[in-house]
Amino acid sequence: MSAKSTSDAAVDAAAVREVHRRFITGVTVVTTMDGDLPRGLAVNAFCSVSLEPPLVMVCVQTTSSTYPALLRAEHLGINILAADQTGVAGVFASKAADKFAELDWTPAAHGSPLLDGAAARVEVEIGERLRTSTHTAFLGRIVQAEHRDTDPLVYRAGKFFSPDGMTPLTA
Ligand SMILES: Cc1cc2nc3c(=O)[nH]c(=O)nc-3n(C[C@H](O)[C@H](O)[C@H](O)COP(=O)(O)O)c2cc1C
C-alpha cells in the first residue's frame, strides 16, 4: 500500500480524497416534493443496505437546498441516471431554482418525482434519519421499483463514464 496509508485520527485529507477517487459509483438524483414544487439533487452516496427487506440508503449534505424538504418528507425518490443523462446530472448538481423545468417526470405512488429516462427509479419510504454534523443518512424501504433496459451512468474521480467499454472479468 502507499506510504499515505494511515490509521491516525488526524488523517490526511488528501489521502482520504485519493481513497474516494478509487471507488466507482453510479449517479442518482434524490427527489422529493416541497409543497407543489419538485426538488432534487445529484447524489452518488447511495447504496443497497439489504435486498430482503429492500432497504437503501442515501447521504445528503445538510447545506443542500433540498435538505429541509427531505427532512420533512415521509418518502423520497431515487433516480439512477442513464449513460445519456450527464446533462441531467449537471442540472441536479447545480443550485438552479427549478431543476425540473426542462425535464419530464412522473409522480410515484406517494408523490416523489421520478425522472423520465432514468435507468432505474424507486420510491422509498423513509425509516431512519441518521444525522452527522454535515450530512444526514436517510435509510428506507423501497415501495416502488422500475427499471429500463439501458446503461447506467458511471462516475469516478470527478468524471462521468459510459459502461460501454467495460470488460467483464468474471462469467
Ligand atoms: C456526481 C455527483 C455526486 C454527488 N453526490 C452527492 C451526495 O452523495 N450527497 C450530497 O449531499 N451531495 C452530492 N453532490 C453535490 C450536490 O448534488 C450539489 O451540492 C447540489 O448543488 C445540491 O443541490 P441543492 O443545494 O439544490 O440541493 C454530488 C454532486 C455530483 C456532481
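Both ligands and their constituent atoms are indexed starting at 1 by order of listing.
Annotation for ligand 1: atoms under 4.0 Å from non-hydrogen atoms of T66 are 24 (P), 26 (O), 27 (O). For ligand 1 and S94, the ligand atoms under 4.0 Å from any heavy atom of the residue are 20 (C), 21 (O), 23 (O), 26 (O). Against a heavy-atom cut-off of under 4.0 Å, V60 is close to the following atoms of ligand 1: 11 (O). When each atom of ligand 1 is checked for a heavy atom of F92 under 4.0 Å away, the hits are 17 (O), 20 (C). Atom numbering of ligand 1 starts at 1 in the shown order; those under 4.0 Å from a heavy atom of A93 are 17 (O), 18 (C), 20 (C), 21 (O), 31 (C).
Considering backbone and side-chain N/O atoms, Q61 comes within less than 3.5 Å of an N/O atom of ligand 1.
Not one N or O on the side chain of R141 forms a donor-acceptor pair closer than 3.5 Å with the backbone of V124. Not a single donor-acceptor pair under 3.5 Å links the side chain of R39 to the backbone N or O of T31. Judged by distance alone, with hydrogens and angles left aside, the side-chain atoms of T136 form no donor-acceptor pair with the main-chain N or O of V60 at under 3.5 Å. Not a single donor-acceptor pair under 3.5 Å links the side chain of Q61 to the backbone N or O of H135. With hydrogens and angles disregarded, no donor-acceptor distance shorter than 3.5 Å links the side chain of N44 to the backbone of T25. With hydrogens and angles disregarded, a donor-acceptor distance shorter than 3.5 Å links the side chain of K99 to the backbone of G40. Judged by distance alone, with hydrogens and angles left aside, the side-chain atoms of T28 form a donor-acceptor pair with the main-chain N or O of V43 at under 3.5 Å.
The nearest protein atom to atom 23 (O) of ligand 1, hydrogens excluded, is given as K99 NZ, 3.0 Å; this is a heavy-atom distance. Closest to atom 25 (O) of ligand 1, if we only count protein heavy atoms, is K95 NZ, 2.5 Å. Residue, atom and distance of the protein heavy atom nearest to atom 8 (O) of ligand 1 are A45 N, 3.0 Å. Closest to atom 9 (N) of ligand 1, if we only count protein heavy atoms, is C59 O, 3.0 Å. Looking from atom 24 (P) of ligand 1 to the surrounding protein, the closest heavy atom is S65 OG, 3.2 Å. If you check which protein heavy atom lies closest to atom 28 (C) of ligand 1, you get A42 O, 3.3 Å. In terms of protein heavy-atom proximity, atom 5 (N) of ligand 1 is closest to N44 N, 3.0 Å.
Atom CD of E18 sits about 9.5 Å away from atom CG of D12, to the nearest 0.5 Å. One distance of note links CD1 of I24 with CZ of F161; it measures 7.5 Å at 0.5 Å rounding.
Taking 4.0 Å as the cut-off, A89 does not count as a neighbour of ligand 1 on heavy-atom distance.
When non-hydrogen atoms are compared, ligand 1 lies under 4.0 Å from neither the backbone nor the side chain of F46.
Using a 4.5 Å heavy-atom threshold, the side chains of M57 and E128 count as separate.
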